[in-house]
Amino acid sequence: LLGFSQGSTTMCRYISNAPNYFDFLWVCAGDVPEDLNWENLNRLLETGKMHLMVGLQDPLIPQDRFEQLYERMKQRNVKYQLHTFEGVHEIDFSVLENHRKL
């Protein structure tokens, strides 16, 4: 599953309330909202992997906003992998391609 920008929030809300399983959950240039079913999300992350991707020059995602996100995830014991790149509000497809080769 891949969500970009505001689609990340919608995707996270959907998956946190669904019984579905996933292999990979990519949040790209977006946010993970506070109003999730965190218990269910953590259950899903027992078998799936969550990835956060952000461009270091993204004008729509300031550093303090991501610091708040990291703290929120830490408080709820959510396991994720962070991917940063030198870019703006976009998806770095080389990160996805490199991950696919693993």
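In this structure, V27 and M50 have side chains that are in contact, with non-hydrogen atoms separated by less than 4.5 Å. Side-chain contact between R72 and W38 is present, with at least one heavy-atom pair separated by less than 4.5 Å. Two residues are said to be in side-chain contact when any heavy atoms from C-beta on lie closer than 4.5 Å; R13 and T9 meet this criterion. Side-chain contact between L56 and F85 is absent, with no heavy atoms from C-beta onward closer than 4.5 Å.
Taken together through direct or relayed side-chain contacts under 4.5 Å among Ile, Leu, Val, Met, Phe, Trp and Tyr, L52 and W26 form parts of separate hydrophobic clusters. With hydrophobic clusters built from ILVMFWY side chains whose heavy atoms lie under 4.5 angstrom apart, F24 shares a cluster with F93. Hydrophobic clustering (side-chain heavy atoms under 4.5 Å, transitive across Ile, Leu, Val, Met, Phe, Trp, Tyr) groups L82 together with L41.
Residues satisfying the ring pair (Phe, Tyr, Trp, His ring centres under 6.0 Å) test with Y80, not counting sequence neighbours, are none. Every ring pair (Phe, Tyr, Trp, His ring centres under 6.0 Å) that Y70 has, sequence neighbours left out, goes to F66. Legend: residues meeting salt bridge (Lys or Arg N to Asp or Glu O under 4.0 Å) with D23, ordered by chain and number and at least two apart, are absent. Contacts of E71 classified as side-chain contact (heavy atoms from CB on, under 4.5 Å), with partners at least two apart in sequence or in another chain: K74, Q75. Remark: F22 engages L1, I15, L25, L44, L45 in a side-chain contact (heavy atoms from CB on, under 4.5 Å) (not counting sequence neighbours).
To the nearest 0.5 angstrom, Q68 atom CD is 8.0 Å from E34 atom CD. Expressed to the nearest 0.5 Å, how far CG of N42 lies from NZ of K79 amounts to 8.5 Å. To the nearest 0.5 angstrom, L2 atom CG is 6.5 Å from M11 atom CE. For the atom pair SG (C28) and CD1 (I91), the distance works out to 4.5 Å, reported to the nearest 0.5 Å. The CG atom of D92 sits 8.5 Å away from the CG atom of N98 when rounded to the nearest 0.5 Å. Rounding to the nearest 0.5 angstrom, the gap separating the CG atom in D31 from the OG atom in S8 is 8.5 Å.
Although no hydrogens or angles enter the test, the distance criterion places a donor-acceptor pair under 3.5 Å between the side chain of N40 and the main chain of S16. Between the side chain of R65 and the backbone N or O of L60, at least one donor-acceptor pair lies under 3.5 Å.
Remark: E90 CD is packed, more than 12 non-hydrogen atoms of other residues, nucleotides or ligands lying under 6.0 Å away.
Pairs passing the side chain to side chain donor-acceptor pair (under 3.5 Å) check and including a residue from residues 47-61, sequence neighbours excluded, read H51-H83, H51-H99, Q57-E86, D58-H89.
Nearest heavy atom pair, residue A29 against residue I61, reads O-CD1, 3.5 Å.
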